[in-house]
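Right, one structure below, let's go through it.
Here is how names work: the chains are called A, B, and so on, in the same order as the sequence lines, proteins then strands, and each is numbered from 1.
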Amino acid sequence: MTEHVLTAMSGGVDSTVAAALLVREGYRVTGATLDLFDKNAPHGQTDAALAARAAQSLGLPHLLIDARAPFRQFVMDAFARAYLAGDTPNPCVVCNATVKFGFLLDEALRLGMDKLATGHYAQIEYDEMSGRYLLKKAADDAKDQSYMLWSLSQQQLSHTLFPLGTLTKNDVRALAESFGLENAQKKDSQDICFVPDGDYAAFIETLTGKVSQPGDFVAADGTVLGRHKGLIRYTLGQRRGLGISADRPLYVTGKNPSDNTVRVGDEQELYATQMTVRDVNLIAVETLEQPVRADVKTRYSHTASPATVTVSGDIAHVEFDTPQRAVTSGQSAVFYQADTVLGGGFIADTQQ
RNA sequence: UGGGAUGUGGCCAAGUGGUAAGGCACCAGACUUUGACUCUGGCAUUCGCAGGUUCGAACCCUGCCAUCCCAG
């Protein structure tokens, strides 16, 4: 009996090719586009319309699924809340955890389908030895998105397909051409999807109705160097936008919500050797009794760095072999062993 | 009011007769399914103002203005 796969289609090249590949492999495929938020951009060619056209060109039924409520609650509100608390959240990670592989997967299963597929560049492999589903890096290292998927549970992984995992971006574009897809050359998406103009601070202020208050930029010795435009506009390691002229570049080295100050200093002050990770999800193993060696990523576009990881419950302590720059609370830490994701979590705090 | 010092782009700052370094900031691109970082490019027809000397001045001369310091 052929499996019925719900394929998330955004209207972009990746998800369209993913759907096409599944069709070619003989799956029964239904396309689905998530309605995540009300777009105030009425330029006719919406992503949903693009996705519907793409599905139609592949001869697939297509569903538009209203996910505005969960997206608002789990992604947008949480994003704003995290920033107001002084963290620097990664909404894509949270969206994957709660909306795409939460809400949408549940929806697929509820509709009687067998699996959910997306255009993510990552691989899932069932390991006979351990009886666990493994999440692995994509074949195309430059496009690998396994970092964004560390939160997936065994249950979620067992019902998920990543048809693009073994391909490179060039392969995908070439396939799109060969399938005659109109979006073959569509530019890769970027920025936060619900903040298309990139001004996430203004978005947060509109969403919450609270204006982030100006405060002082202070140096390590307490000297006030200037006024900042609101805590949410800064993140650890940030250089641009400080407006402080000095004889050398200055970076944000800390944020203090309690007195509304932003600490700035030299780049050397940004390095940390240890960090605590919360909400840890282990994928490759059920539990870790002993400290393990792993390569740890602290941001999406970052080379994993060797470290020793000690897990206790859903908390992990990570000690890097070499100090890491601007390890930022709210971002995700993902532990790799070779190409396999051991697990991951959210960075809670760091120590020198 | 005397004495001294200084005035170069938003900030700092090289340059002391040969036709405006550099850093910071800022702007624009690139990179990127997060925020950042990074990279590339842009950014003073002009050196407080006005005269003068010179083939030629930010650099020399004169005057003025401004700021700072020290006097009382």
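- Follow the hydrophobic side-chain contacts under 4.5 Å out from A:M148 and you reach A:V341 in the same cluster.
- If you check every strand for non-hydrogen atoms under 4.0 Å, A:Y234 touches nothing.
- Between the C1' atoms of B:C49 and B:C12, the separation comes to 24 Å (whole Å).
- In this structure, B:G41 forms a base pair with B:C27, meeting either the Watson-Crick or the G-U wobble geometry with both donor-acceptor distances under 3.5 Å.
- For B:G35, the base has no donor-acceptor partner in the side chain of A:T88 [N/O atoms by modelled type, under 3.5 angstrom].
- Comparing the P positions of B:G29 and B:G35 gives an interatomic distance of 16 Å, to the nearest angstrom.
- Of the candidates B:U34, B:C37, B:G35, the closest approach to any side-chain atom of A:Q238 belongs to B:C37.
- With hydrogens and angles ignored, a donor-acceptor pair under 3.5 angstrom links the side chain of A:S301 to the base of B:A36.
- Here the separation of B:G63 from B:G72, taken at their C1' atoms, is 28 Å to the nearest Å.
- Residues A:V218 make up the rest of the hydrophobic cluster containing A:V224, defined by ILVMFWY side-chain heavy atoms closer than 4.5 Å, directly or through other members.
- Using a 4.0 Å cut-off between a side-chain N of Lys or Arg and a carboxylate O of Asp or Glu, A:K169 and A:D14 qualify as a salt bridge.
- With a cut-off of 3.5 Å on both Watson-Crick or G-U wobble distances, the partner of B:C68 is given as B:G4.
- For the atom pair CD of A:Q145 and SG of A:C92, the computed distance is 9.0 Å after rounding to the nearest 0.5 Å.
- Among the heavy atoms of the strands lying under 4.0 Å from A:D191 are primed sugar atoms or P, OP1, OP2 only; no base atom is included.
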Please write out each protein N/O paired with an N/O of nucleotides 24-26 of chain B under 3.5 Å, distance rounded to 0.1 Å.
| from | atom 1 | to | atom 2 | distance (Å) |
| --- | --- | --- | --- | --- |
| B:C24 | OP1 | A:R239 | NH2 | 2.9 |
| B:C24 | O4' | A:A246 | O | 2.8 |
| B:C24 | O2' | A:I244 | O | 3.0 |
| B:C24 | O2' | A:A246 | N | 2.6 |
| B:C24 | O2' | A:A246 | O | 3.4 |
| B:A25 | OP2 | A:R239 | NE | 3.4 |
| B:A25 | OP2 | A:R239 | NH2 | 3.2 |
| B:A25 | O3' | A:G243 | N | 3.4 |
| B:C26 | OP1 | A:G241 | N | 2.7 |

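- Among the heavy atoms of the strands lying under 4.0 Å from A:Q331 is at least one base atom, whether or not backbone atoms are also near.
- A distance of about 35 Å separates the C1' atoms of B:U34 and B:G22, rounded to the whole Å.
- In this structure, A:K100 forms no cation-pi arrangement with A:F103, as its terminal cationic atom is not both closer than 6.0 Å to the ring centre and no more than 45° off the ring axis.
- Atom CD of A:Q351 is surrounded by more than 12 heavy atoms from other residues, nucleotides or ligands within 6.0 Å.
- Taking the O4'-C1'-N9-C4 or O4'-C1'-N1-C2 dihedral as appropriate, B:C39 has a value more than 90° from 0 and is therefore anti.
- Closest of all the heavy-atom pairs between A:Q156 and A:F101 is NE2-O, 2.7 Å.
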